[in-house]
Amino acid sequence: MKIIIIGAGKVGKQIAQTLSSENHDVILIEKDETRRQIAQDNLDIITILGNGANVKTLEKAGIKQTDMLIAVTNSDEVNMLACMTAKQFDVPKKIARIRNSEYLYSNILSRDKLGIDFTINPERATAREIIKLLKSPKNVAQIQSFAGGKVKLIELKINDNFPFIDQQLKNINFKYPILVAAIYRNDEIIIPNGEEKIIVNDNLYILIKKENLVNLDSIISKKPLLMQNVIILGGSKIGFQTALILSKLGIKTKLIEMDIEKCEQIAEKLQNTLIINGDGTNIDLLKSEGIETTDGFVAVTGYDEDNLLVALLAKHLGAKKVIAKVDRTNYVPILEKIGVDAVVNPRMTTASAILRSIRRGKIISLTLLKEGKAEVIELIVHSGAKIINTPLKKAKLPKNSIIGAIIRKNNVIIPHGDNIIQADDKIIIFALSSDIKKIEKIFDGGNI
């Protein structure tokens with residue numbers, strides 16, 4: 001597939017890296033020479049210096065032969081114009097990152113008129129991620145839904161109290177069908193076999209049926225928190241969207257912001273949220289606003305260092321669950337190791353959403369794990385796939401992959417080696433990103 005990506009920012013580079021590793025023909029357009037050169041030096045792709053909304057630049061990139069255009073610059077207007085231009089060249093699929101919600105809900109600027117097939121608002125997507133985490137148990141660092149909510153993916157942080165420390169997976173008998181599909185250890189993703197042991201400080205990715213979530217007391221340290229009050233640090237777009245959702249859920253929310261003008265603007269739109277003008281890094285302010293008894297604390301300023309520092313402060317002062325937003329992915333392991341309950345990264349959230357819409361065949365959903373090192377995909381098995389009617393233990397899947405669940409006629413199967421896959425089954429599969437192309441071929445009727 002030939003794909004043009006406009007914008008060599010964090011999201012653009014992440015998408016380009018993932019797609020190029022799968023042997024797609026990727027061309028990246030960037031108007032800033034420094035950014036373009038960095039992308040050229042670090043990615044195995046073609047880069048072009050220029051304005052991605054300019055017809056001549058797009059023609060130079062081969063827009064007439066392009067299968068897909070992805071516009072993820074910092075300008076909504078450039079992204080929309082690029083898609084409109086791509087529509088004139090009959091590009092089959094156009095994707096745009098749109099931050100301004102007014103554009104998303106404008107009747108005049110509808111997606112059809114603009115020629116956009118898929119839009120993503122990073123701030124809203126990240127806010128939804130934060131809400132899910134606030135409603136999860138303390139040692140859950142991520143939770144995703146698959147198969148229409150029937151299957152849950154949980155990232156579980158392992159501490160000294162975990163009941164199965166140093167035990168091999170094949171010897172663990174969980175009360176309910178659970179599959180440990182991946183382990184994050186020492187900054188690497190492991191797709192485990194039965195010989196693998198669970199050790200302290202691992203992060204486990206487990207798949208479980210939705211109805212069994214409430215019965216995880218044996219491996220999850222505490223039940224989901226009853227969120228009654230939340231403090232948000234930062235009047236960013238993410239902070240605003242998070243507060244907006246919380247207010248609709250009836251959760252008492254305070255938002256702390258240093259900029260007085262921004263406070264006034266937010267206060268006009270969020271009448272059920274208490275807006276506090278002040279320095280959220282000030283311990284006295286945090287204490288006066290009840291940090292010691294708050295259920296949730298969310299740090300979403302524009303500065304990773306502030307989010308890191310204040311998240312740790314909030315945790316130390318007694319906040320029950322603390323979530324921090326970071327843009328630099330190299331900060332994520334640090335935050336997880338020093339006690340922050342969960343971390344959100346807008347780049348990965350946005351890239352995952354866009355990549356979901358790119359996959360060929362019958363892929364329904366996709367989630368990137370740990371800065372794109374691995375992927376979780378939900379797909380429908382093609383009737384011509386050679387894996388059909390073969391026991392999983394004989395399926396010859398790539399080494400670094402594992403089938404985590406099979407959904408057949410609304411029934412969820414957490415599989416073992418003797419299970420077989422049938423045509424039109426939905427499956428959830430974990431794999432290292434380097435093996436995704438092989439996975440797609442296997443389940444779309446092709447060969448490895």
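Everything numeric here is computed off the predicted structure, so don't read it as measured data.
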- Asp327 vs Pro346 side-chain heavy atoms within contact, under 4.5 Å: yes

- All pairs passing salt bridge (Lys or Arg N to Asp or Glu O under 4.0 Å) where residues 272-293 contributes a residue, at least two apart: Lys254-Glu289

- Please check if the side chain of His24 supplies one atom and the backbone of Val26 the other of a donor-acceptor pair under 3.5 Å. no

- Are His316 and Leu312 side-chain neighbours, meaning at least one heavy-atom pair lies under 4.5 Å? no

- Query: Can you check whether Leu432's main-chain N or O pairs, donor with acceptor, with Asn400's side chain at less than 3.5 Å?
  - Reply: no

- Task: Determine whether Leu207 and Phe430 make a side-chain contact, defined as any pair of heavy atoms from C-beta on separated by less than 4.5 Å.
- Result: yes

- Message: Run Lys56 and Glu59 through salt bridge (charged side-chain N to carboxylate O under 4.0 Å, His left out) and show every step you take.
- Response: CA-CA 5 Å; Lys56 290 184 178 179; Glu59 287 181 331; over 6 Å; no

- Are any side-chain N or O atoms of Asn277 and backbone N or O atoms of Glu257, one a donor and one an acceptor, separated by less than 3.5 Å? yes

- Item | Ile45/Thr47 under side-chain contact (heavy atoms from CB on, under 4.5 Å): CA gap, chis, key distance, verdict | CA-CA 6 Å; Ile45 59 172; Thr47 62; 4.1 Å; yes

- Given Thr273 and Ile232, is the side-chain contact (heavy atoms from CB on, under 4.5 Å) satisfied, shown in steps? CA-CA 10 Å; Thr273 300; Ile232 299 171; over 6 Å; no

- Arg99 and Asp76: CA distance, side-chain angles, deciding distance, salt bridge (charged side-chain N to carboxylate O under 4.0 Å, His left out) verdict: CA-CA 7 Å; Arg99 283 200 160 102; Asp76 289 352; over 6 Å; no

- Task: Please assess Asn229 against Thr294 for the test side-chain hydrogen bond (donor to acceptor under 3.5 Å, both in side chains), listing each intermediate value before the final yes or no.
- Result: CA-CA 6 Å; Asn229 52 78; Thr294 194; 3.0 Å; yes

- Item | Salt bridge Lys2-Asp67, side-chain N to carboxylate O under 4.0 Å | no

- Message: Measuring only between side-chain heavy atoms, which start at C-beta, is Val300 closer than 4.5 Å to Thr242?
- Response: no

- Task: With sequence neighbours excluded, tell me which residues meet side chain to side chain contact (heavy atoms under 4.5 Å, CB included) with Asp202.
- Result: Ile158, Ile183, Arg185, Ile198, Ile199, Leu204

- Test side-chain contact (heavy atoms from CB on, under 4.5 Å) applied to Val376 and Tyr205, step by step: CA-CA 10 Å; Val376 189; Tyr205 289 92; over 6 Å; no

- Note on the structure: Sequence neighbours excluded, the answer for side chain to side chain contact (heavy atoms under 4.5 Å, CB included) partners of Ser75 is Thr73, Glu77, Val78

- Query: What salt bridge (Lys or Arg N to Asp or Glu O under 4.0 Å) pairs are there with at least one residue in residues 308-318, not counting sequence neighbours?
  - Reply: Lys315-Asp341

- Task: With rounding to the nearest 0.5 Å, note down the distance linking CG in Leu270 to CD1 in Ile275.
- Result: 5.5 Å

- Task: Can you measure from CD1 (Ile154) to CG (Leu156) and round to the nearest 0.5 angstrom?
- Result: 7.0 Å

- Message: Donor-acceptor check, side chain of Lys210 to backbone of Lys152, threshold 3.5 angstrom: yes or no?
- Response: no

- Those residues at least two apart in sequence (or on a different chain) that pass side chain to side chain contact (heavy atoms under 4.5 Å, CB included) with Lys150 are Ala147, Asn410, Val412

- Message: Distance check, rounded to the nearest 0.5 Å: Asn100 atom CG versus Met80 atom CE?
- Response: 8.0 Å

- Here the side-chain hydrogen bond (donor to acceptor under 3.5 Å, both in side chains) pairs for residues 261-272, sequence neighbours left out, are none

- Query: Is any side-chain heavy atom of Ile427 closer than 4.5 Å to a side-chain heavy atom of Leu379?
  - Reply: yes

- Task: Identify the residue among Thr126, Leu249, Ile251, Ile323 that makes a side-chain contact (heavy atoms from CB on, under 4.5 Å) with Ile131.
- Result: Leu249

- Item | More than 12 heavy atoms of other groups within 6.0 Å of Asp44 CG | no

- Task: State the CZ-CG distance between Arg328 and Asn345, to the nearest 0.5 angstrom.
- Result: 12.5 Å

- Message: Any heavy-atom pair between the side chains of Leu286 and Phe297 that's under 4.5 Å?
- Response: yes

- Message: How long is the straight-line distance from NZ of Lys132 back to CD1 of Ile130, given to the nearest 0.5 Å?
- Response: 11.5 Å

- Message: Is it the case that the side chain of Asn307 and the backbone of Lys325 share a donor-acceptor pair, with hydrogens and angles ignored and the cut-off at 3.5 Å?
- Response: yes

- Task: Would you confirm whether Lys321, through its side chain, and Met227, through its main-chain N or O, come within 3.5 Å as a donor-acceptor pair?
- Result: no

- Test item: Lys93 side-chain N/O and Phe118 main-chain N/O as donor-acceptor pair under 3.5 Å: no

- Message: Rounded at 0.5 Å granularity, tell me how far CE in Met1 sits from CG in Asp25.
- Response: 11.5 Å

- N/O donor-acceptor pair under 3.5 Å between Ser247 side chain and Leu244 backbone: yes

- Spell out, as yes or no, whether a donor-acceptor pair under 3.5 Å connects the side chain of Glu378 to the backbone of Phe146. no

- Query: Are the side chains of Gln142 and Lys157 in touch, meaning some heavy atoms are under 4.5 Å apart?
  - Reply: no

- Would you indicate whether the side-chain heavy atoms of Thr66 and Ile27 approach each other to under 4.5 Å? no

- How far apart are the C-alpha atoms of Gln241 and Arg128, what are their side-chain angles, what is the distance that settles it, and do they pass the side-chain contact (heavy atoms from CB on, under 4.5 Å) test? CA-CA 8 Å; Gln241 290 289 343; Arg128 288 173 180 157; over 6 Å; no

- Message: Between Asn79 (side chain only) and Ala96 (backbone N and O only), is there a donor and an acceptor less than 3.5 Å apart?
- Response: no

